[in-house]
Number of protein chains: 2
Amino acid sequence: MNDDALKLENQLCFPLYVAAKDLVGRYKPLLDRLDLTYTQYIAMLVLWQEKSLTVKDLGDALHLDSGTLTPLLKRLEAKGYLERRRSLADERVVNITITPTGEDLKQEALEIPERIASCVPLEHEDLQTLYRLLYKLIGVMNCAD
Amino acid sequence: MNDDALKLENQLCFPLYVAAKDLVGRYKPLLDRLDLTYTQYIAMLVLWQEKSLTVKDLGDALHLDSGTLTPLLKRLEAKGYLERRRSLADERVVNITITPTGEDLKQEALEIPERIASCVPLEHEDLQTLYRLLYKLIGVMNCAD
DNA sequence: GGTAAATTAATTGTGCACAATGCAATGAAT
DNA sequence: ATTCATTGCATTGTGCACAATTAATTTACC
C-alpha cells in the first residue's frame with residue numbers, strides 16, 4: 001500500500017509547524033530581557049504602531065480570539081505596558097491604550113529584528129520568496145471553503 | 001524615527017506563525033472524527049511508519065520534549081492507540097509501540113492529506129518552493145549560533 | 001417601541017509547548 | 001569498585017490557543 005502521503009516530511013503542515021516553533025523560540029532569549037512572551041511581543045508591535053485600538057481589532061490583526069487576548073492583555077496591563085478601558089460609546093467594546101512605560105519599551109525592542117535576522121541567514125531573494133508564499137498561503141486559506 | 005523593522009508584516013516570524021496556526025486549524029475538523037489532536041496526529045504519523053520507537057526518538061522526530069510527549073502519549077495510550085513500556089535493556093528508556101487499534105486508524109487517516117491539499121490551492125511549483133525554503137530555514141536555524 | 005439577531009468580551013475547560021527541576025539508571029574514568 | 005557526568009523520562013508551573021458558553025449591549029426589523 002502506498003502511504004507516502006502519510007509520511008511526516010511529505011505534508012506541508014509539518015515543516016511549517018516546526019519552522020514556526022523554532023523561529024518563535026529564537027525570540028525567547030531576546031524577549032526575556034523585556035519581560036515579554038512572543039505573543040505579548042506581537043501584541044506590543046501592534047500597539048507601538050496604533051497606540052490605541054479595540055480588543056477585536058487587535059484580535060483581527062494577530063489572528064487571535066478573546067480567550068487568548070483577555071488574559072494576555074491583563075498580564076500586559078499588570079506589567080504597566082497598557083491600559084484596558086471599556087468604551088463609553090459602546091459598552092461591549094474594550095479599548096486598549098499603550099502607556100508611556102509601554103512606549104519606552106519600544107526602544108529596547110528596536111534591536112530585536114536585526115538580531116533575529118542575523119540568526120536566520122537566508123539570502124534576500126529566498127526571504128522575499130518565503131514572505132510572498134506565506135502571505136499567499138494565508139490568503140488562500142482564508143477564502144477557501 | 002524609522003521603525004519599519006518593528007512592523008508586524010515586516011517580520012518573517014509573523015506570517016510563519018499565522019500560516020502554521022491556520023494550517024493546523026484546517027486539520028481539526030478532519031481529526032475530530034479520529035478523536036485526535038494535531039500533535040497526536042503527527043505522533044501517529046511517525047508510529048504508522050515506525051511501529052515502535054523510544055520517547056526520545058519520537059521527540060527528535062517531532063521536535064518535542066518529554067514535558068509535551070509524556071502526557072500526550074498517556075492520552076493516546078488511554079485511547080488504545082499505543083502502548084508504553086519501559087525498556088528492560090535500559091530502564092531509563094520508554095518504548096512506544098502501536099496497537100492493532102492504532103494501526104486500524106491509519107485507514108481512516110489516508111484521506112486527510114488530500115483533503116488538506118484541496119483546501120491549500122497552491123500551484124505545484126509554489127508548494128515545492130515553500131517546502132524547500134522551510135526545510136532550509138529549519139536547517140540554518142538548527143546550526144546557527 | 002418591542003422583539004429578534006448580531007456583536008463584543010469574558011469565562012471555562014482541554015490540550016499543547018517548554019523551562020526548570022528531580023531522579024533513577026547508565027556509562028566512563030580512574 | 002567508587003566517583004562523576006550524562007542520559008531518558010516524569011513532574012511542576014506558566015502561558016498560550018481555541019472551542020463552547022454566557023452575558024451584556026447594540027442594531028435591525030417590523
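Below, chain A is the first sequence line, B the second, and so on; all start at residue 1. Both backbone and side-chain heavy atoms feed into the values below; hydrogens, waters and symmetry mates do not.
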Need two values: the first and the last nucleotide of DNA chain C, 5' to 3', having an atom under 4.0 Å from any heavy-atom of chain B.
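Using the under 4.0 Å cut-off, the span is C:dG15 to C:dT26.
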Hey, are B:E77 and B:R85 close enough for a salt bridge, meaning a charged N less than 4.0 Å from a carboxylate O?
no
Rounded distance in Å - [atom1] ([X]) to [atom2] ([N]):
{"X": "B:R86", "N": "D:dT7", "atom1": "CZ", "atom2": "P", "answer": "18 Å"}
{"X": "B:L64", "N": "D:dG8", "atom1": "CG", "atom2": "P", "answer": "16 Å"}
{"X": "B:L69", "N": "D:dT12", "atom1": "CG", "atom2": "P", "answer": "18 Å"}
{"X": "B:L53", "N": "D:dG8", "atom1": "CG", "atom2": "P", "answer": "13 Å"}
{"X": "A:R92", "N": "D:dT25", "atom1": "CZ", "atom2": "P", "answer": "10 Å"}
{"X": "B:R85", "N": "D:dC9", "atom1": "CZ", "atom2": "P", "answer": "14 Å"}

Starting at the 5' end of DNA chain C and moving along, which residue's nearest nucleotide shows up first, B:L72 or B:S66?
B:L72
If you assign A:D90 and A:Y17 each to the DNA chain C nucleotide with the nearest heavy atom, which residue ends up on the more 5' nucleotide?
A:D90
Shortest non-hydrogen contact between B:I138 and A:P15, atoms and distance
CD1-O, 3.5 Å
Could you tell me which non-hydrogen atom of A:A43 sits nearest to which non-hydrogen atom of A:L76, and how far apart they are?
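So the minimum-distance heavy-atom pair works out to CB-CD1, 4.3 Å.
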From the options D:dT7, D:dA10, D:dT11, select the nucleotide whose nearest atom is closest to the side chain of B:K74.
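It is D:dT11.
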Kindly point out which of D:dT11, D:dT6, D:dT26 is positioned nearest to the side chain of B:T70?
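Selected nucleotide (nearest to the side chain): D:dT11.
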Gap between atom CD of A:Q107 and atom CD of A:E103 - 0.5 Å precision:
9.5 Å
Toward the 5' end of DNA chain D, by each residue's nearest nucleotide, B:P71 or A:H63
B:P71
Angle class for the B:Y41/B:W48 ring planes (parallel below 30°, perpendicular above 60°, tilted otherwise)?
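Rings of B:Y41 and B:W48: perpendicular, as their planes differ by over 60°.
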Counting the atoms with a prime plus P, OP1 and OP2 as sugar-phosphate, which does B:A89 contact under 4.0 Å by heavy atoms, base, sugar-phosphate, or nothing?
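Answer is sugar-phosphate: B:A89 comes under 4.0 Å of backbone atoms only.
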For a quick check of understanding: with a heavy-atom distance under 4.0 Å over all strands, which category does B:T68 fall into, base, sugar-phosphate or nothing?
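Here B:T68 touches the bases of the nucleic acid.
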Polar contact flag, side-chain donor to acceptor under 3.5 angstrom, A:Y17-A:Q11
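No, A:Q11 and A:Y17 have no side-chain donor paired with an acceptor closer than 3.5 Å.
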Take atom CZ in B:R132; do more than 12 heavy atoms of anything else shown fall under 6.0 Å from it?
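Yes, because the 6.0 Å sphere around CZ of B:R132 holds more than 12 heavy atoms from other groups.
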